[in-house]
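Here's the structure, in structure tokens; my notes come after.
Everything quoted here is computed from the prediction, not taken from an experiment.
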Amino acid sequence: MTISFPAGFVWGAATSGYQIEGAPEADGKGASIWDTFVKVPGKILHGDTGARACNTYDPKQLEADMDLMVRLGLKSFIFSVQWPRIQPDGRGGANAKGLDYYRRLVDGLQARGIAPALTLYHWELPQALQDRGGWVNRETVARFVEYATILYDALAAQVPIWVTQNEPHTTAWLGYGYGKHAPGVADEKSVFAVAHHLLLSHGLAVKTLRGRVANVKTAFGPVLNVTPARPVRPDSEHDRLAAKRFDGDQNRLFLDPIFRGEYPADVVEYRREAAGGWKFVRAEDLEIIHTAVDFLGVNYYTPTMIAAGPGDRPEWRPNPGPTTAMGWAIDPAGLHEVLDRVRTEYTGNLPLYVSENGASFRDYLNPEGECRDPERVDFLRGHLREAHRAIEDGVPLAGYFVWSLLDNFEWDSAYRERFGLVYVDYPTQRRVPKSSFEWYREVIERNGLEG
Ligand code: FCB
């Protein structure tokens with residue numbers, strides 16, 4: 001039996017700038033918080049950095065990778081713009097050479113019939129803005145909109161899909177709460193101001209950009225990493241409360257303001273102290289955050305198991321069952337759960353994308369020079385079946401993007417975690433399509449898969 005996706009379903013793959021481009025100082029690029037953070041001893045596995053990564057800043061490499069996308073049959077490609085390539089210090093006019101790189105990319109995609117999907121922020125804040133407080137400082141919102149406007153004026157005519165913020169949760173919690181990601185701040189008190197300013201930057205960007213360029217209509221939306229929060233012991237009132245709190249911090253803190261124009265009452269209450277009384281929220285902010293969008297992108301990898309710690313504080317527990325190399329539990333049904341929940345509680349008829357989904361496994365080149373990754377094929381197959389089931393259940397799912405096209409720099413895990421459909425031999429920069437590449441190519445060609 002074959003299951004088929006709706007006509008026009010958008011088959012894609014996703015990447016981000018710092019994880020693939022390399023060339024951190026080329027053509028007048030300023031430093032980002034990641035350029036700074038990777039140099040802090042002990043933060044990144046083996047002390048590795050994204051200084052070379054997949055070398056896609058190189059024009060020849062970029063062309064070759066876009067040709068691979070054609071071979072794969074991609075309909076759309078998500079990439080992020082590194083802000084300090086455009087504004088080295090996070091303010092003022094455009095750095096023409098930095099902009100040219102993204103123009104080449106967009107031209108190249110267009111020429112190949114692949115729809116560019118541009119992410120304005122996948123965590124690459126100019127270091128100059130971090131020196132002034134980064135996302136804790138409300139001024140960064142205005143800077144972001146200025147940067148977004150430069151890009152929009154330059155590229156709107158060619159880029160149909162605009163993602164404002166990728167995973168504001170990750171920036172707020174991992175970047176400013178736990179110090180695991182750049183800028184490496186570990187201060188729970190900054191998390192909520194950061195989340196608020198990221199949300200505000202999203203809303204203000206949509207408000208500012210929509211309709212700006214005559215005769216051009218583009219789609220705007222945020223990308224959120226929504227994860228099911230599962231109580232370890234569902235019959236324990238404490239675990240259920242802890243899971244609800246985790247769901248508040250992780251999911252509802254972002255979904256509610258964007259789609260309902262308010263922060264969830266229980267989060268406001270529970271986090272009153274950590275958020276310093278929420279004094280950073282001004283009268284008009286929630287209306288701005290609530291600005292209508294054209295889609296929601298959902299990144300889904302794994303559910304989270306939560307048990308109650310002291311005071312019913314949420315604590316992570318390991319998931320039962322098989323995991324990816326990253327240690328993330330493999331749970332395809334969680335994708336259906338998340339899509340259905342978002343649709344039912346928040347987005348209704350709004351188109352959704354699975355903007356990231358994928359897995360890292362211990363991929364290697366065998367003596368024949370092949371990279372066989374049946375585990376990834378199983379993973380993707382399972383999740384695509386669930387995505388299809390969600391569509392059958394009425395979820396307006398418009399597309400699906402695999403994370404990622406290429407193996408790449410996986411943040412603090414550096415080059416250990418391989419998420420690509422294409423194996424990258426880093427020292428030579430040779431690309432070897434994995435068996436999952438061939439499998440996904442067939443899925444795209446058939447617009448479906450075996451059920
Ligand atoms: C997501 C990130 C992406 C990548 C994947 C594995 O949270 O958006 O950059 O690291 O996880």
Quick one: are [X] and [Y] in side-chain contact, heavy atoms under 4.5 Å?
X: Leu384; Y: Trp11; answer: yes
X: Val293; Y: His202; answer: yes
X: Gln87; Y: Arg143; answer: no
X: Phe79; Y: Thr56; answer: no
X: Ile3; Y: Arg385; answer: yes

Closest heavy-atom contact between [X] and [Y]?
X: Asp363; Y: Lys434; answer: OD2-NZ, 2.7 Å
X: Leu350; Y: Pro396; answer: O-CG, 3.4 Å
X: Cys54; Y: Gln19; answer: SG-O, 4.2 Å
X: Gly90; Y: Trp83; answer: CA-NE1, 3.9 Å
X: Pro222; Y: Ile258; answer: CG-CD1, 4.0 Å
X: Phe144; Y: Leu120; answer: CZ-CB, 3.8 Å

Cationic N near anionic O, under 4.0 Å, Arg104 to Asp107 = no
With the threshold set at 4.0 Å, does a side-chain nitrogen-carboxylate oxygen contact exist between Asp256 and Arg260?
-> yes
Run the numbers on Tyr263 and Leu199 for side-chain contact (heavy atoms from CB on, under 4.5 Å), then give the verdict.
-> CA-CA 11 Å; Tyr263 281 110; Leu199 286 162; 3.5 Å; yes
Take the angle between the ring planes of Phe5 and His388 and call it parallel below 30°, perpendicular above 60°, tilted in between.
-> perpendicular
Mind telling me whether Phe254 and His169 have parallel, tilted or perpendicular rings, with 30° and 60° as the class edges?
-> perpendicular
Atom pair CG/OG1 of Leu209 and Thr218 - distance to nearest 0.5 Å | 7.5 Å
Atom pair CD1/CZ of Ile161 and Phe295 - distance to nearest 0.5 Å | 6.0 Å
Do [X] side-chain atoms and [Y] backbone N/O form a donor-acceptor pair below 3.5 Å?
X: Gln429; Y: Ala53; answer: yes
X: Thr140; Y: Gly134; answer: yes
X: Glu124; Y: Tyr18; answer: yes

Honestly, is Arg138 close enough over Phe280, meaning NZ or CZ under 6.0 Å from the six-membered ring centre and within 45° of the axis?
-> no
Test the Arg431-Phe437 pair against the cation-pi criterion, namely NZ or CZ under 6.0 angstrom from the six-membered ring centroid and within 45° of the ring axis.
-> no
Pairs meeting criterion ring pair (Phe, Tyr, Trp, His ring centres under 6.0 Å) with involvement of residues 318-352, two or more places apart | Tyr301-Trp328
Can Ile306 and Trp316 be said to form a side-chain contact (heavy atoms from CB on, under 4.5 Å), step by step?
-> CA-CA 5 Å; Ile306 297 293; Trp316 281 286; 4.2 Å; yes
Verify whether the ring centers belonging to His196 and Phe192 lie closer than 6.0 Å.
-> no
Could you tell me if the ring centre of Tyr152 sits under 6.0 Å from that of Phe220?
-> yes
Test side-chain contact (heavy atoms from CB on, under 4.5 Å) applied to Asp247 and Arg341, step by step = CA-CA 12 Å; Asp247 180 53; Arg341 183 233 183 146; 2.8 Å; yes
So with a 6.0 Å cut-off around CZ of Arg446, is the heavy-atom count from everything else above 12?
-> yes
Near Arg372 CZ, under 6.0 Å, is it more than 12 heavy atoms from other residues, nucleotides or ligands?
-> no
List the atom pairs, donor and acceptor, that lie under 3.5 Å between side-chain atoms in residues 399-406 and the rest of the protein, sequence neighbours left out.
residue: Tyr400; atom: OH; partner: Asn357; partner atom: OD1; Å: 2.5
residue: Ser404; atom: OG; partner: Ala14; partner atom: O; Å: 2.7
residue: Ser404; atom: OG; partner: Asn408; partner atom: ND2; Å: 3.3

Contacts of Tyr415 meeting ring pair (Phe, Tyr, Trp, His ring centres under 6.0 Å) (sequence neighbours excluded), chain-then-number -> Phe409, Tyr426
Only one of Asn166, Asn225, Thr227, Thr170 passes side-chain hydrogen bond (donor to acceptor under 3.5 Å, both in side chains) with Asn299; say which it is.
-> Asn166
